[in-house]
Amino acid sequence: MAFGRMLDKLAAVSSDDRAHWSAAYAAELAAHGGGEPLGDMLNISVCEPFDIRRYCSTVRARNILLANSLQDRRVLLRTTIPQLRALTRCDQRTLKDVLNALLASLMEGDAPDRGETVQNDPHATLRDLLELWTSSLDDRKRLILRHRVARRDRSLDDLGNELSISRARVGQLEKKLADNFSAWRQSPPVAERIGEFDRRVCNGSSALMTFEAVSARVPELSDLVHPVGLELSDFLGMLLPDLDIDGSWLATKPLSDLRDATFSSATHREKRADGGHDLDKLQAELRLDDHAWSLWLEYCGLRKTAGIVVRKGASQPELAVAVLAAAGHPLSVEEIAERLQVDGVRSLRGRLQADDRIARVGPNSYGLPEWNLETYEGIREEIVQRIERGGGRALLADVVDELVEQFGVSPASVRAYAVRREFSRRDGWIGLAGSGDDGSRQASRRMPIPGETRRCFFLRGQWWFRVDINKEVLRGSGFTAPRGAMALFQVAEGTERVFAALAQEIRISWAAPQPQFGSIRSLVTQLRAKVGDVLWLAPTDHGAVRARLVRAWSKTEDDEIALRTGVQRGLSGEVLRLAVANALALSVQTSWAALVMALRARGDLDLAEIVEGYTLSESVRALDSVPDLDDFFAALGGR
């Protein structure tokens, strides 16, 4: 049959048979591959404007017409079958529906709304049903649905101003829309498809999913719901309200609970009985690959570095604690630096020694306090402890062997300390000088003097204690101090004292095994101290403390030595060596090499490295000489 006579044939049949014949003729048109416009094929040159979407039996056909501005039959009649077939998502079934709607609109009379037809269409998708519902809304309700119910990206006041209504009225319409949507989603056809949709989204997966993974499993999430201009994914939280959604994460449990569990597992570092960690178990339970796991850690405020998980913004000591916990045994500062991928070994060592969360268990070995390992307090102090445990004396050979095995120090270093004047030696035994050559009496434990104590320097006729200003000090954290500093401030073991400094209070306590300074935040705030500055503290005769702040500067190596020892800035070479020797209360003949030995002996390891590096420079090397034995013992024995 010629296509030009289709309308005459349709007009000749009864109204009861017209729908059947219209569908048959639409199928014939859809099978045609010619390139002439539909108007020419149907012999129609002029017709009234008319929106044919009401005659469509599928939402997809309606949306294709709307998306391509073909809903007016006058425009549609100017297109060809191949052009319609090439439209996105226009399959053969949809093409027949469009052509059937065109033929129906060209016949006399109106057609009923096809919404019920779509509702009962077994091929209608969830998106089709959602489009049908949203197409029934007026423009005002669609705007509120888009920005208040689905996306929630605009305020009540904002929408009220745009719609020229009050914010209260917007809120009323929003609640009514939400109730309307809730009733719609509970209707049998919709509820059935939502159940299928829910199974596809969750797919028996873990409690936590990435939107990327769900989109790969349910690609229609990116399909556009044309009446409101939103993707199906924008309705995900409305369609599946049991999901907790935030950005790129979806969860069947509260995301806050999963985040708290992850953060808690990251900070709980003890290994399980099977040798694994809670964090490893959690990753396995959540079924996240390494890429998704890294994104999740970032979402939780954590990050993974050097194979360990720490909180974002963690300080070097915090990272070191994590490294040690992961290792399960003591590490050298070089090993910690390597695992943290940092180059500043010298500065890292200083931070480790000043942090209460890390225990020094050897000359260059660090562990965690909860391991209950014996802490290392310097060779001299370790010798004294073993003399006391022996009732006033100990076999020197046993002391040497024990310290070498336990702390990894060299035998020569132990024997060098053993010949100091404070020790007595007889027949292979060592005791404290003055306790009797036979060592029969209990030796009293001698308090280290400031000259033997790290960060203590003799300046301006008295001893001063150096406090390096860091973030923890500025935040108000207290900090540990060496025992020799207690002799300087006259704080006895088991007691505490409060000193005045620039109208502020400094509390120094020796109630714990390690002496502790309380917060000096008020003092450093008053002095406007910054990270890198140095605060010098010295007691007065009236129970107060002198405080002197030295600003950090862009410094050369000799200036850094001056900053850390408190000597005058700008000195170099022999003049600097003489000033540092005086600050350590050593002989003016003490060489650079002996100064390095003295600094290491009292625990100033970071400063010893700086001085040693300075002595290796060409400008200084020629001025120094190899110390003889007297020079060596001068460095160890003070004046």
Side-chain angles (χ1 to χ4, degrees), residues 313-318 342-356 358 450 453-460 462-482 484-485 488-489 499-508 515-540 544-572 576 579-580 582-584 599 602-611 613-614:
S315 63
Q316 279 191 349
E318 287 179 271
V342 298
D343 297 326
V345 174
R346 185 173 61 203
S347 61
L348 175 61
R349 179 183 284 111
R351 291 187 176 97
L352 298 183
Q353 292 179 355
D355 200 286
D356 292 338
I358 299 172
T453 304
R454 67 181 186 277
R455 290 186 283 162
C456 286
F457 296 89
F458 193 74
L459 309 166
R460 301 182 178 183
Q462 70 176 123
W463 287 97
W464 294 72
F465 178 64
R466 189 188 81 225
V467 178
D468 298 322
I469 305 299
N470 53 35
K471 291 181 180 179
E472 285 75 16
V473 171
L474 294 178
R475 281 199 297 262
S477 300
F479 53 91
T480 58
L488 174 61
F489 292 97
F499 296 86
L502 299 179
Q504 307 296 328
E505 287 188 349
I506 297 178
R507 185 178 300 273
I508 305 177
Q516 179 87 12
F517 271 70
S519 172
I520 58 171
R521 181 178 181 180
S522 298
L523 176 60
V524 296
T525 300
Q526 180 178 345
L527 294 173
R528 299 180 180 179
K530 298 180 180 179
V531 173
D533 292 346
V534 167
L535 179 67
W536 292 95
L537 301 175
T540 69
V545 168
R546 292 189 180 94
R548 181 168 65 95
L549 185 74
V550 179
R551 300 286 182 190
W553 59 81
S554 179
K555 46 191 176 296
T556 59
E557 213 163 31
D558 50 5
D559 283 338
E560 188 171 4
I561 295 173
L563 177 68
R564 291 174 178 264
T565 59
V567 304
Q568 180 182 343
R569 179 186 173 189
L571 304 181
S572 62
L576 178 60
V580 173
N582 286 329
L584 293 173
L599 289 169
R602 53 188 245 147
D604 276 314
L605 302 183
D606 55 344
L607 181 56
E609 285 195 18
I610 297 172
V611 174
Y614 180 68

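The figures that follow rest on heavy atoms only: side chains count, while hydrogens, waters and symmetry mates do not.
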| Contact check, side chains of E472 and S315, non-hydrogen atoms, under 4.5 Å | yes
| Heavy atoms from other residues, nucleotides or ligands near CD of E505 exceed 12 (cutoff 6.0 Å) | no
| L563 versus G532, closest heavy-atom pair with distance | CD2-O, 4.2 Å
| Hey, what do you get for CZ (R455) to CG (L607), rounding to the nearest 0.5 Å? | 12.0 Å
| message | Tell me whether D606 is salt-bridged to R564, with the criterion being a basic N under 4.0 Å from an acidic carboxylate O. | response | yes
| Should the ring pair F489 and F499 be called parallel, tilted or perpendicular, given that the plane angle runs from 0 to 90° and is split at 30 and 60? | perpendicular
| said: Less than 4.0 angstrom from a charged side-chain N to a carboxylate O is my criterion; do D604 and R454 meet it? | reply: no
| Distance in Å, Q526 CD paired with L549 CG, rounded so as to fall on 0.5 Å steps | 11.0 Å
| said: When you compare the side chain of F458 with that of L584, does any pair of heavy atoms fall below 4.5 Å? | reply: no
| query | Where is the tightest heavy-atom contact between A579 and V567, given as atom of each residue plus distance? | reply | O-CG1, 3.6 Å
| message | Is there a side-chain contact between R569 and V550 in this structure, where contact means two heavy atoms from C-beta onward sitting under 4.5 Å apart? | response | no
| Spatial distance of atom CZ (R546) from atom CG (L537) [nearest 0.5 Å] | 12.0 Å
| message | I need the T565 OG1 to L576 CG distance, nearest 0.5 Å. | response | 7.0 Å
| message | Looking at every non-hydrogen atom in both residues, tell me the closest pair between P450 and C456 and how far apart they are. | response | O-CB, 3.4 Å
| query | Which pair of heavy atoms, one from D559 and one from G570, lies closest together, and at what distance? | reply | OD1-N, 3.6 Å
| query | Do V534 and D468 have side-chain heavy atoms sitting under 4.5 Å apart? | reply | yes
| said: Measuring from atom CG of L535 to atom CZ of F465, what distance do you get when rounded to the nearest 0.5 angstrom? | reply: 10.0 Å
| message | Is any side-chain heavy atom of L571 closer than 4.5 Å to one of I561? | response | no
| query | Where the side chain of W464 meets the backbone of L459, is there a donor-acceptor pair that is under 3.5 Å apart? | reply | yes
| task | With the side chain counted from C-beta on, respond yes when P539 and L488 share a heavy-atom pair under 4.5 Å apart, and no when they do not. | result | yes
| Should R551 and R528 count as side-chain neighbours, where that means a heavy-atom distance under 4.5 Å? | yes
| Looking only at heavy atoms, what is the nearest atom pair of P482 and T453, with distance? | CG-CG2, 3.3 Å
| request: Determine, step by step, whether V467 and V524 satisfy the side chain to side chain contact (heavy atoms under 4.5 Å, CB included) criterion, reporting the C-alpha distance in whole Å, the side-chain angles of both residues, the deciding distance to 0.1 Å, and the verdict. | output: CA-CA 11 Å; V467 178; V524 296; over 6 Å; no
| message | Tell me the closest heavy-atom pair linking T480 and Q516, and the distance in Å. | response | CG2-OE1, 3.4 Å
| query | Quick one: are N470 and F479 in side-chain contact, heavy atoms under 4.5 Å? | reply | no
| field | Nearest-0.5 Å distance that lies between atom CD1 in I610 and atom CG in L605 | value | 11.5 Å
| request: Assess whether atom CZ of R460 is packed by more than 12 heavy atoms of other residues, nucleotides or ligands within 6.0 Å. | output: no
